[in-house]
2 protein chains.
Amino acid sequence: MSRSATRERIEEKADALFYEAGFEATSFADIASAIGISRGNFYHHFKSKDEILEAVITRRLSATQAMLEAWDTDAAPKDRILSFIRILITNRTKIMAFGCPVGTLTTELAKLDHIAEARAAQIFTLFRDWLADQFRALGHRDDADALALHVLARSQGIAVMASALKDEAFLRAEVAALEAWLDQLPDHTPTKG
Amino acid sequence: MSRSATRERIEEKADALFYEAGFEATSFADIASAIGISRGNFYHHFKSKDEILEAVITRRLSATQAMLEAWDTDAAPKDRILSFIRILITNRTKIMAFGCPVGTLTTELAKLDHIAEARAAQIFTLFRDWLADQFRALGHRDDADALALHVLARSQGIAVMASALKDEAFLRAEVAALEAWLDQLPDHTPTKG
DNA sequence: GTCTATAACTCGATAGAC
DNA sequence: GTCTATCGAGTTATAGAC
């Protein structure tokens, strides 16, 4: 099963529009006209809107997995966690406009009572497990998962409020506070040899 | 201008449905059938859907203002802040199902590029200013506003993650962590006399 | 006059046949 | 890839009920 270029473009545009306008507010016509194809052509690749959502979530899961694996090459666990936290800075413009893509999609699907909600929440699980690994590497055996969830929650809160306030200074201040929290965490990294 | 009972019922049901299903996903038919009136009757009370949204936001602003004023009778500023934090516990069932009503509405309106977004975000301003007042009462002259935003962001993050994970233990743990953070804050409450 | 119900209109959505 | 069917949304018009 080859992945056609058209299918790829549909997924890419759907991914962007689901983020910027929301899943429900995005229509087939919006996606089709944005990439310059007919609605019929669309139907050749995806039979229903739910099928596109499925593809977008799969796409995001893969992208997240790839990003985390890339960060795994960073030397210190704390630096890896910092990489995660700094997504908020890197993507600040979009976050201030549309919030976090993961959090907002999960929230929307929850309200729609959509079956894909659990699958969208899986993206959080990837971050959660990866972050917990880093905290375990820092010697936090018992509370690694709780610390991972704490970082996730803090990040989500920053995204929501930055979007509501449209305030970059707030975003930067709260990111700095989160980094300070991480910095004062006891580091029990076991030394080799 | 009297407020008819029907108008009141429309606002009340719209408020609930906008929270539970989202603004856009809620149709006139949904509201009408839920309270047992005809769709046509709607337009006697509201000229458009945006007008209902306007009324719902006004309603929430008033309710928030009233809640904050009620809390102002609490003796200590820290207890007042605790009252705010504990909304997460009190409303945990709905929050785990639909998130925070303020955060999710603001997020949705941002994506829809809806003019009412700023007005919805005003609810956050009420909480922000009230919380800042409490922190000032605790002697935090310079960082009262930043502390207020920190509490708001932490609360929003907890709501988002609790809804994504459907995990009450997580919610309670993070609320406890936030209360612990508040508890270790220096209290410089000036004594009278 | 205030409220409510019925019905029809317009538009844009998904879905699907050709 | 075009073209159409069907459905449901917001909205409007109009007329009946209190």
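- Annotation: side chain of Phe42(B) is in contact with side chain of Ile31(B) (closest heavy-atom distance under 4.5 Å).
- Under 4.0 Å is where a charged nitrogen must lie from a carboxylate oxygen, and between Glu20(B) and Lys111(A) no such pair does.
- We find that CD of Glu51(A) is positioned 10 Å from P of dA15(C), with the value rounded to whole Å.
- In terms of phosphate contacts, His45(B) brings a side-chain nitrogen or oxygen within less than 4.0 Å of OP1 or OP2 of dT4(C).
- One hydrophobic cluster holds both Ile57(A) and Phe98(A) under the rule that ILVMFWY side chains link at heavy-atom gaps under 4.5 Å.
- A salt bridge does not link Lys49(A) to Glu24(A): none of the charged nitrogens lies less than 4.0 Å from a carboxylate oxygen.
- Ile35(B) places its CD1 atom 14 Å from the P atom of dC3(C), with the value rounded to the nearest Å.
- Side-chain N/O atoms of His44(B) include none lying less than 4.0 angstrom from OP1 or OP2 on dT4(C).
- The pair Glu179(B)-Arg172(B) does not count as a salt bridge, with every side-chain nitrogen at least 4.0 angstrom from each carboxylate oxygen.
- The aromatic rings of His140(A) and Phe135(A) sit perpendicular to each other, their planes meeting at more than 60°, with 30° as the lower class boundary.
- Distance Lys49(A) NZ to dG12(C) C1': 12 Å, rounded to the nearest Å.
- When the nucleotides dT4(C), dT11(D), dG16(C) are ranked by their closest atom to the side chain of Tyr43(A), dG16(C) comes out on top.
- Residue Thr6(B) has a polar side-chain atom (N or O) positioned under 4.0 Å from OP1 or OP2 of dT4(C).
- Rounded to an integer number of Å, the gap from NE2 of His114(B) to P of dG10(D) is 12 Å.
- Lys47(B) places its NZ atom 13 Å from the P atom of dA13(D), with the value rounded to the nearest Å.
- In this structure, Phe28(B) has its ring center under 6.0 Å from that of Tyr43(B).
- Look at CD on Glu8(B): it is 20 Å from P on dT2(C), rounded to the nearest Å.
- Going from atom CZ of Phe28(B) over to atom P of dC11(C) covers 18 Å, rounded to whole Å.
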Taking only N/O atoms, report every protein-nucleotides 5-7 of chain C pair under 3.5 Å with atom names and distance.
{"unit_1": "dA5(C)", "atom_1": "OP2", "unit_2": "Ser38(B)", "atom_2": "N", "d": "3.0"}
{"unit_1": "dA5(C)", "atom_1": "OP2", "unit_2": "Ser38(B)", "atom_2": "OG", "d": "3.3"}
{"unit_1": "dA5(C)", "atom_1": "OP2", "unit_2": "Asn41(B)", "atom_2": "ND2", "d": "3.4"}

